[in-house]
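Each remark here refers to the structure printed beneath this line.
Note: hydrogens, waters and symmetry copies are ignored here, and every other heavy atom, side chains too, is used.
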Amino acid sequence: MLAALTFEFYRFRFRFRAAGELYFPPFKSGNIVRGAFGNLFRKLVCMPDCQDARSCQVRSSCPYALVFEPKAAHGEGPSGLGDWPRPFVFRAAHLDDSTVRQGEPFHFDVHIFDVQNPTLEYFVLSFARLAKEGLGPGRGRAELSAVDQLDMNGAIAAGIFSAQRFQLDELAAPCSVCLKEAGEPVHRVRIRFVTPTELKSGHQVVDSPEFGVLFRRLRDRISTLRTFYGTGPLEIDFRALGERAAAVRMTRCQLQKTDADRLSSRSGQRHPLGGFVGEAEYEGQLAEFLPYLHLGKWVGVGRQTVWGKGELELTECA
């Protein structure tokens, strides 16, 4: 029963030193990090004549397919799910609208949800090569100086890579979040939407994060990630939990809409990266929802979470 009430993931920090000047535009740092990463990852692991993961003869074991096209690697998922979520997210928002000078250090985090097969070595090799080829609008170059596994508090749990060499063969235990309700009642919380967030309800993007919509999207994402990459779906009463979430009231909402887009290197098309950032406060019987809201910091919620969108920060209010 305990396994049904936990969620596990790995948290890694990639540390770099700038070899030239790098600039990260507002709300685009995650996309810049994600940018050429997929193409380099594919070049490292795929045969030159491979045209598409869906037709690849070794797609069920191909690291690229498992990370970037998991539906092609694993096959069809549960009915109603159009595509598999990718087993990772980036955390690079602290770099937004910043310039890193030559010689200065910088970092970003990667959270990996496939605790059985994290394929970490390919992340390391891809980012080492990407840094040398250049990041950001000016293609500023950098050097990957270290990769560390972090615990929930941000302390180093294990050194992975340093001085151009892998340092250990086995990872420390993954981070684990218990989804069991806390004992003390909680009646008021504040949620900060750290990075642009887009939520859908009834196939429509919503303008404000009503608690029922926010919780349902977060609950479903956590359960889906756990189904595909963990030990199985959450054993909870989805309907009853959703109904209780709908009874929670939003008492304050102070949001700002962001406007950004990305240019796809594959299709040449531009895709929106916007959403809302800011704060909202909620009142009601909230104790049973807190573990899910805390986990939103690590997994994200809504659209385009891979690029770092939908990061939440929770504060319990007196």
State, to 0.1 Å, how close [X] and [Y] come at their nearest heavy-atom pair, and which atoms those are.
{"X": "L241", "Y": "F289", "value": "O-CE2, 3.8 Å"}
{"X": "P291", "Y": "V177", "value": "O-CG1, 4.3 Å"}
{"X": "P185", "Y": "A287", "value": "CA-CB, 4.3 Å"}
{"X": "S126", "Y": "L40", "value": "O-CD1, 3.9 Å"}
{"X": "Q149", "Y": "A173", "value": "NE2-O, 3.3 Å"}

Excluding sequence neighbours, so at least two apart, what forms side chain to side chain donor-acceptor pair (under 3.5 Å) with [X]?
{"X": "R252", "result": "Q254, E279, E281"}
{"X": "R249", "result": "E283"}
{"X": "E133", "result": "R129"}

Among K180, E181, E235, find the one that has a side-chain contact (heavy atoms from CB on, under 4.5 Å) with L5.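 That would be K180; it is the only one of K180, E181, E235 passing the side-chain contact (heavy atoms from CB on, under 4.5 Å) with L5.
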Do other residues, nucleotides or ligands put more than 12 heavy atoms under 6.0 Å from Y122 OH?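 For Y122, atom OH is not crowded (no more than 12 foreign heavy atoms under 6.0 Å).
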Answer yes or no: are there more than 12 heavy-atom neighbours, outside R221 itself, under 6.0 Å from its atom CZ? yes
How about [X] and [Y]: do any of their side-chain heavy atoms sit closer than 4.5 Å?
{"X": "S201", "Y": "R216", "result": "yes"}
{"X": "I160", "Y": "L171", "result": "yes"}
{"X": "K297", "Y": "E311", "result": "yes"}
{"X": "I222", "Y": "L179", "result": "yes"}
{"X": "V186", "Y": "L290", "result": "yes"}
{"X": "L150", "Y": "I156", "result": "yes"}
{"X": "F276", "Y": "Q256", "result": "no"}
{"X": "L225", "Y": "V299", "result": "yes"}

Which donor-acceptor pairs under 3.5 Å do the side chains of residues 202-214 make with protein atoms, sequence neighbours left out?
none

Are the side chain of [X] and the backbone N or O of [Y] linked by a donor-acceptor pair below 3.5 Å?
{"X": "H187", "Y": "Q285", "result": "no"}
{"X": "S29", "Y": "A92", "result": "yes"}
{"X": "R219", "Y": "F238", "result": "yes"}
{"X": "T224", "Y": "D220", "result": "yes"}

Please check if the distance between the ring centroids of [X] and [Y] is under 6.0 Å.
{"X": "F14", "Y": "F12", "result": "no"}
{"X": "Y229", "Y": "F113", "result": "no"}
{"X": "F90", "Y": "W307", "result": "no"}

Any pair counted as salt bridge (Lys or Arg N to Asp or Glu O under 4.0 Å), so long as it reaches residues 144-165, sequence neighbours left out: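 For residues 144-165: R15-D148.
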Using the six-membered ring wherever Trp is involved, compare the ring planes of [X] and [Y] and label them parallel, tilted or perpendicular (cut-offs 30° and 60°).
{"X": "F127", "Y": "F37", "result": "parallel"}
{"X": "H107", "Y": "H94", "result": "parallel"}
{"X": "F41", "Y": "F123", "result": "perpendicular"}

Gap separating the [atom1] atom of [X] from the [atom2] atom of [Y], nearest 0.5 angstrom:
{"X": "L130", "Y": "R141", "atom1": "CG", "atom2": "CZ", "result": "11.5 Å"}
{"X": "R101", "Y": "L22", "atom1": "CZ", "atom2": "CG", "result": "10.5 Å"}
{"X": "F215", "Y": "R217", "atom1": "CZ", "atom2": "CZ", "result": "11.0 Å"}
{"X": "E8", "Y": "S176", "atom1": "CD", "atom2": "OG", "result": "4.5 Å"}
{"X": "L95", "Y": "F106", "atom1": "CG", "atom2": "CZ", "result": "7.0 Å"}

Residues two or more places apart in sequence or in another chain: which of them pass salt bridge (charged side-chain N to carboxylate O under 4.0 Å, His left out) with R244?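 By the salt bridge (charged side-chain N to carboxylate O under 4.0 Å, His left out) rule, R244 matches E288.
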Does D96 form a salt bridge (charged side-chain N to carboxylate O under 4.0 Å, His left out) with K28? I'd like the steps, not just the answer. CA-CA 7 Å; D96 283 344; K28 285 190 174 184; over 6 Å; no
side-chain hydrogen bond (donor to acceptor under 3.5 Å, both in side chains), that's the test. Do D114 and Y10 meet it? Break it down for me. CA-CA 8 Å; D114 190 343; Y10 285 114; over 6 Å; no
Would you call E143 and R17 a salt bridge, using N to O less than 4.0 angstrom? no
Y64 six-ring centre to R42 NZ/CZ under 6.0 Å and within 45° of normal: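 Verdict for Y64: a cation-pi partner in R42.
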